[in-house]
Amino acid sequence: MNTPVLSQTHNLIVSLANTGHRVEVEAESEPLKQKAEEELENLAFKLNVDTLVFHLFSQLALYGCISAEIVVNSKLDGIEKVVRVHPSTIYFDLNKETQE
């Protein structure tokens with residue numbers, strides 16, 4: 001951050017936006033629901049989702065967008081990592097034939 005005011009603004013935006021998260025599961029029975037929610041909480045802790053959310057909010061506050069790529073593992077049955085991509089490195093190319 002260039003100035004203390006910008007730094008404080010960034011910290012306030014991220015702190016106020018990042019109020020935590022909770023996933024609710026619908027299941028046929030209460031024990032199934034509790035087990036699924038417990039597994040999701042353990043996974044979120046293991047993947048350090050709170051830090052990822054902090055970084056994504058920070059990127060949003062600084063650049064006005066969220067830019068990330070999810071890398072799946074070679075078996076295509078899980079996520080290997082999430083890579084934050086700096087917005088200034090993204091370019092768009094217009095296909096004049098299809099206008100896409």
Side-chain angles (χ1 to χ4, degrees):
M1 293 282 118
N2 294 334
T3 67
V5 172
L6 286 176
S7 178
Q8 184 177 17
T9 302
H10 170 264
N11 289 337
L12 285 171
I13 289 171
V14 172
S15 298
L16 291 172
N18 192 5
T19 59
H21 65 277
R22 174 153 174 77
V23 177
E24 292 186 21
V25 177
E26 290 185 24
E28 294 176 9
S29 67
E30 191 61 30
L32 273 173
K33 177 183 175 179
Q34 290 177 348
K35 179 67 175 166
E37 287 177 349
E38 182 181 313
E39 289 293 325
L40 287 169
E41 286 179 21
N42 291 338
L43 179 62
F45 179 77
K46 181 180 175 186
L47 296 175
N48 204 0
V49 173
D50 289 332
T51 299
L52 174 63
V53 170
F54 171 84
H55 286 295
L56 293 177
F57 274 127
S58 177
Q59 197 177 58
L60 185 62
L62 294 172
Y63 305 105
C65 65
I66 293 175
S67 178
E69 291 187 18
I70 297 173
V71 180
V72 296
N73 64 19
S74 59
K75 294 180 181 179
L76 301 178
D77 63 356
I79 296 172
E80 187 173 314
K81 63 182 172 179
V82 177
V83 178
R84 290 178 296 122
V85 180
H86 197 285
S88 68
T89 64
I90 298 172
Y91 296 93
F92 296 95
D93 189 26
L94 175 65
N95 182 334
K96 292 183 180 182
E97 291 178 15
T98 63
Q99 293 297 310
E100 292 180 348

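FYI, side chains are in, hydrogens and waters are out, and symmetry mates aren't considered; it's all heavy atoms of this structure.
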Any chain of hydrophobic side-chain contacts (each under 4.5 Å) joining Val23 to Val82?
no
Supply the atom-to-atom distance Leu60 CG to His55 NE2, rounded to the nearest 0.5 angstrom.
14.5 Å
Of the non-hydrogen atoms in Leu16 and Thr19, which two are nearest, and what is the gap between them?
O-CG2, 3.3 Å
Let me confirm one number: the CZ-CD1 distance from Arg84 to Ile66, rounded to the nearest 0.5 Å.
11.5 Å
Membership question, hydrophobic clusters at under 4.5 Å side-chain separation (ILVMFWY): are Val85 and Leu62 in the same one?
no
Do Phe57 and Ile13 have side chains that get closer than 4.5 Å, going by heavy atoms?
no
Indicate, with yes or no, if Leu40 and Val49 share a hydrophobic cluster defined by side-chain heavy-atom contacts under 4.5 Å among Ile, Leu, Val, Met, Phe, Trp and Tyr.
no
Got Asn48 and Leu52 here, is their nearest side-chain heavy-atom distance under 4.5 Å?
no
Counting only heavy atoms not in Gln99, do more than 12 fall under 6.0 Å of its CD?
yes
Identify whether Ile79 and Leu56 are in the same connected component of the hydrophobic contact network (ILVMFWY, side-chain heavy atoms under 4.5 Å).
yes
Would you say Ile90 has more than 12 foreign heavy atoms packed within less than 6.0 Å of its CD1?
yes
Using modelled atom types only, decide if a donor and an acceptor are shared between the side chain of Gln59 and the backbone of Ser67 within a distance under 3.5 Å.
yes
Nearest 0.5 Å please: distance from the CD atom of Gln34 over to the CD atom of Glu41.
10.5 Å
Output for pair (Leu94 CG, Glu100 CD), nearest 0.5 Å, gives 9.5 Å
Within a reach of under 6.0 Å around CD of Glu26, are more than 12 heavy atoms found that belong to other residues, nucleotides or ligands?
no
Does any N or O in the side chain of Ser58 come within less than 3.5 Å of the main-chain N or O of Phe54, such that one atom is a donor and the other an acceptor?
no
Strictly distance-based, threshold 3.5 Å: is any side-chain N or O of Asn11 a donor or acceptor partner for the main-chain N or O of Ser15?
no
